[in-house]
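Data block below; observations after.
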Amino acid sequence: MRSAIGRFAGAAAAALVVLVAATGAADTGTAWFAVRALSDPAAGAAPPLVQVPMAVGDRIELTHTHSVHRRPVHEVYSVLADAGLAMEEMRFDAHGANLPSGPETIDGVTTTFVRDGSGYVVDHQGRPLGTVRMVVGTADVDHRLAAGGRRIRLLDLVGPGAGVELYVQTHRVAPPGE
């Protein structure tokens, strides 16, 4: 007759095998932040151009120079448990096209809009987005990401005017050429 400890260890090992098979990770807090090029929809999803290991709740920062009014913009996203991105906050020092000018209600959640000594801070309250699709700007816009201790310049991955998608996945996929 097996001991209770032996039965528990066996059950735990079986649960780990199921977890790894289902998610690709033994740690349920592990995820991969990734960037992929957006291509022809008929071609299917493109493989990731870059992947960074992250944990649920980790933050991803996107900085760039606004393409119209030429002032810095700082956006902060976080990794959600359901393998998506959430919008946390946006900071900028001057109003510009497509930037908030006050609190907004989006999907039933109202942002907090505050003017501080360095400009404006918009708290999006962790609003779930899933993925973020964007067009990469020219060198004067210079979209840059900071994630998991890595710095990623989007122009090093694709050319100006290319569409990219920022997303989270629960398992690693080998980038092209790896």
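Everything quoted here is computed from the prediction, not taken from an experiment. Values below: all heavy atoms of this structure, side chains included; hydrogens, waters and symmetry mates excluded.
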Nearest-0.5 Å distance that lies between atom CZ in Arg144 and atom OG1 in Thr65: 9.5 Å
Side chains of Leu49 and Val158 in contact at under 4.5 Å (non-hydrogen atoms): yes
Close side-chain approach of Thr111 to Met87, heavy-atom, < 4.5 Å: no
Atom CG of Asp140 with >12 non-hydrogen neighbours under 6.0 angstrom: yes
Stacked cation flag Arg71 on Phe92, 6.0 angstrom / 45 deg: no
Close side-chain approach of Glu104 to Val122, heavy-atom, < 4.5 Å: no
pair Tyr167-Pro48: side-chain heavy atoms closer than 4.5 Å: yes
ILVMFWY cluster, Leu62 and Val50 together (side-chain gap under 4.5 Å): yes
Side-chain heavy atoms of Ile106 within contact of Arg127, under 4.5 Å: yes
Approximate separation, where rounding is to 0.5 Å, of Leu85 CG and Tyr77 OH: 8.0 Å
pair Ile152-Val52: side-chain heavy atoms closer than 4.5 Å: yes
Minimal non-hydrogen separation, Ala55 against Val79, with atom names: O-CB, 3.7 Å
Within-4.5 Å side-chain heavy-atom neighbours: Met134 and Leu154: yes
His74, Glu75, Arg151 screened by side chain to side chain contact (heavy atoms under 4.5 Å, CB included) with Glu61, the one that passes: His74
